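What follows is a set of notes on a single structure, which appears directly below.
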Amino acid sequence: MVLIKLANLCYDYPNTRGLDHLSLTIDAGEFVCLMGPNGSGKSTLLRILSGLASPKSGEYQLHGQAVTAAYLTDAQQRQQLHQKIGMVFQNTDVQLFNTSVAEEVAFGPRQLGLSASAIEQRVNDCLQLTACEDLRDRVPYQLSGGEKKRVALASVLALNPEILLLDEPLNGLTIAAQRQMLTLLQRLQAAGKTIIMASHNFQQVQTVGQRFIIFNRLHQLDADMSQADLQRQPERQAQLMTL
Amino acid sequence: MDPKPRTELPAWLIEKSTSTKRQAARTSFLQRNQRHLRALLTRLAQPAPVIAKRRWHLAPQINLIRLLLLVFLIALINNVTLLWCLAILLGFQLLLLSPSQLRRFVKSWFVSSLVALIFVLPSYWLTGPSTLLFFGLKTSLMLANAQYYRLTTPFQDLLSGLKALHCPDVLIMTCAIAITYLRMLGQHLLLTMEALELRTVAPAKHPYRLIGAMFGNLYLKSYSYALELYAAMEARGFNGHYVRTTTPHNRWRDYLSLSPDILVLILFIFWGN
Ligand SMILES: Nc1ncnc2c1ncn2[C@@H]1O[C@H](COP(=O)(O)OP(=O)(O)OP(=O)(O)O)[C@@H](O)[C@H]1O
Ligand SMILES: [Mg+2]
């Protein structure tokens with residue numbers, strides 16, 4: 001089932017290009033890795049998918065519904081979009097704005113009108129899944145870089161989004177924590193979530209990604225291939241290794 | 001050693017989330033205006049436009065003195081003819097700007113004049129329309145000069161200008177940090193608002209508590225940012241003294257560029273009022 005469809009999508013920042021004529025489709029339940037050198041447009045694509053930015057030209061469809069600037073001006077439609085899509089920012093610093101980690105995770109579910117016990121349940125579950133139980137009463141802005149990443153993921157999971165956009169979620173994590181997060185992501189995918197993850201470290205993601213979308217320096221689509229295809233192209237793998 | 005997380009997913013996370021269709025609730029003021037606020041912050045966080053090197057590079061302090069002199073003159077002069085002279089002088093300078101710079105000038109001048117007009121407006125009831133017009137013109141002329149300076153002078157030149165005029169280092173540093181820094185904070189606030197927006201799935205019940213938390217966070221953040229910024233500056237050899245970089249420039253050109261203003265000053269002293 002086609003979940004996301006992009007057609008000839010372009011995005012410009014005030015004085016630079018962000019994305020150049022991007023066309024692709026993503027099915028529900030895929031585990032996609034966005035790869036490419038610094039500044040190639042990975043984060044920009046995630047911003048567009050999440051509805052934070054609207055493309056300059058071209059089309060973005062989610063579930064067959066065009067997500068345009070006009071669509072996003074309606075508060076209710078925007079909120080529905082945000083319930084479907086969760087995003088972990090590249091700079092997690094800006095993402096945590098509550099006064100404690102538990103509050104941070106409870107922020108989303110509290111708006112869904114759940115009972116207090118259901119909210120508590122979700123907070124506990126999410127903190128356990130991301131190995132953050134002991135951070136529960138800490139102040140988010142005092143956490144270490146890796147801890148912030150994990151709390152950010154917990155706070156996004158608590159809303160049970162069907163699409164997870166992750167911008168370099170493994171950066172700053174220890175090898176063990178990286179492995180734990182990847183295992184969690186794989187389980188989420190098995191549960192039917194769609195995962196779109198930006199990364200420039202091929203070693204980290206080569207075993208979990210099922211599809212690789214590769215950008216080049218000119219913010220264009222360079223290649224779009226399945227893991228199996230990639231296995232057959234050692235030179236492409238070598239290129240990704242040296243990104 | 002990281003604690004072992006639990007690996008099996010809870011039931012609520014496995015079931016497909018039903019997007020809850022809520023009755024069209026009253027959207028809060030914050031939500032309705034979040035987009036506008038974000039647009040405003042985006043503009044504030046925009047980096048200053050890159051300023052092309054001018055053909056005649058004047059000493060930075062001369063530019064600064066010119067600006068101060070002009071503002072001083074405009075504030076003092078009550079003679080319409082002399083004000084006209086100053087306006088025409090500025091008009092000639094504007095002719096030398098590139099079209100894109102000119103557009104930017106007109107825009108920022110217009111906006112700042114409008115804001116200033118709000119402050120000048122009460123004089124209408126106190127003294128009548130002619131005074132309002134006069135003061136309005138004077139203010140907007142001052143603003144035009146300030147905007148012209150802002151558009152044509154790189155930030156670094158302002159700093160070296162201040163240094164050349166023997167401003168204390170503390171003042172220069174405050175100025176430098178405030179200007180670079182407010183943008184950074186604006187950017188930070190903008191991104192936080194975006195994160196908030198992404199996790200807003202229903203009209204907030206207590207938006208003001210949230211705003212409080214957000215600004216509290218921003219304050220804490222700005223405090224640690226400032227310390228980090230200073231540490232980073234120190235680590236790169238900053239010792240509290242701004243050094244003046246001397247660029248070769250033509251002294252005659254400097255004095256020449258000041259001469260029209262000085263002429264107006266002389267006219268003002270002898271024939272003003
Ligand atoms: N806020 C912004 N304003 C102006 N230009 C921007 C902004 N954000 C990104 N860009 C530019 O847009 C292009 C794409 O940036 P993007 O952040 O999408 O890259 P990326 O692939 O995520 O890079 P990285 O691997 O470093 O995270 C870059 O050239 C970048 O300089
Ligand atoms: Mg990025």
Side-chain angles (χ1 to χ4, degrees), chain A residues 14-15 47 50-52 72-73 75-76 78-80 82-87 89 91 93-99 103 107-108 110-113 118 121-122 125-126 128-134 139-141 152 155-157 159-162 174 176-177 180 183-184 187-188 190-193, chain B residues 1-25 27-28 31-32 34-35 38 42 46-47 49-50 187-205 209-218 220-221 224-225:
Chain A
N15 38 29
R47 278 176 64 82
S50 66
L52 283 178
L72 289 171
T73 45
Q76 233 184 339
R78 222 160 56 224
Q79 286 161 6
Q80 271 173 21
H82 299 330
Q83 203 174 338
K84 289 191 195 124
I85 301 180
M87 166 136 135
F89 284 35
N91 174 8
D93 253 10
V94 299
Q95 199 172 1
L96 308 173
F97 45 81
N98 284 282
T99 41
E103 276 292 308
F107 178 80
R110 203 164 274 160
Q111 302 170 55
L112 294 177
Q121 179 70 43
R122 283 199 179 195
D125 287 340
C126 290
Q128 279 171 14
L129 286 171
T130 50
C132 292
E133 295 123 298
D134 48 339
V139 187
Y141 86 91
S155 65
V156 166
L157 278 186
L159 274 168
N160 189 18
E162 59 179 273
T174 59
Q180 286 168 6
T183 314
L184 173 61
R187 298 216 168 219
L188 288 166
K193 315 270 179 235
Chain B
M1 183 57 206
D2 289 296
K4 204 102 200 100
R6 101 173 201 216
T7 47
E8 81 284 5
L9 300 182
W12 62 264
L13 196 53
I14 293 171
E15 74 194 28
K16 212 165 157 51
S17 69
T18 46
S19 95
T20 36
K21 240 297 186 296
R22 258 163 258 92
Q23 72 286 15
T27 46
S28 73
Q31 261 151 5
R32 257 177 293 133
Q34 216 172 34
R35 292 224 127 202
R38 264 176 52 195
T42 315
Q46 271 308 306
V50 180
Q187 182 71 21
H188 185 90
L189 190 60
L190 179 69
L191 290 173
T192 309
M193 286 194 62
E194 288 184 348
L196 170 68
E197 155 99 39
L198 279 189
R199 271 160 60 205
T200 303
V201 293
K205 290 204 195 72
R209 204 168 67 192
L210 199 64
I211 298 177
M214 242 166 74
F215 275 92
N217 241 326
L218 185 69
L220 291 171
K221 193 77 217 168
S224 56
Y225 251 7

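Remember, predicted model here, so these are calculated numbers, not experimental data. Letters A, B, ... are given to chains in the order of the sequence lines, protein chains preceding strands, and every chain is numbered from 1.
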If you count heavy-atom pairs under 4.5 Å between each of A190(A), G192(A), A191(A), S155(A) and chain B, which one has the most?
S155(A)

Among the options I85(A), T183(A), L188(A), pick out the one with the most heavy-atom pairs lying under 4.5 Å from chain B.
L188(A)

With no hydrogens and no angle check, is any side-chain donor or acceptor of Q95(A) less than 3.5 Å from a backbone partner on M87(A)?
yes

For the side chain of Q83(A) and the backbone of V201(B), is there at least one donor-acceptor N/O pair under 3.5 Å apart?
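Pair absent, no side-chain N/O of Q83(A) close to backbone of V201(B).
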
Of all of L198(B), T192(B), L189(B), which one pairs up most often with chain A through heavy atoms under 4.5 Å apart?
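Most pairs with chain A among the choices: L198(B).
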
Return the set of residues passing ring pair (Phe, Tyr, Trp, His ring centres under 6.0 Å) with F107(A) (not counting sequence neighbours), or none when no residue passes.
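Result, ring pair (Phe, Tyr, Trp, His ring centres under 6.0 Å) vs F107(A): F97(A).
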
The criterion is salt bridge (Lys or Arg N to Asp or Glu O under 4.0 Å); which residues satisfy it with D93(A), sequence neighbours excluded?
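Checked D93(A) against salt bridge (Lys or Arg N to Asp or Glu O under 4.0 Å); matches are K148(A), K221(B).
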
When the 4.5 angstrom heavy-atom criterion is applied to R47(A) and chain B, the contacting part is side chain

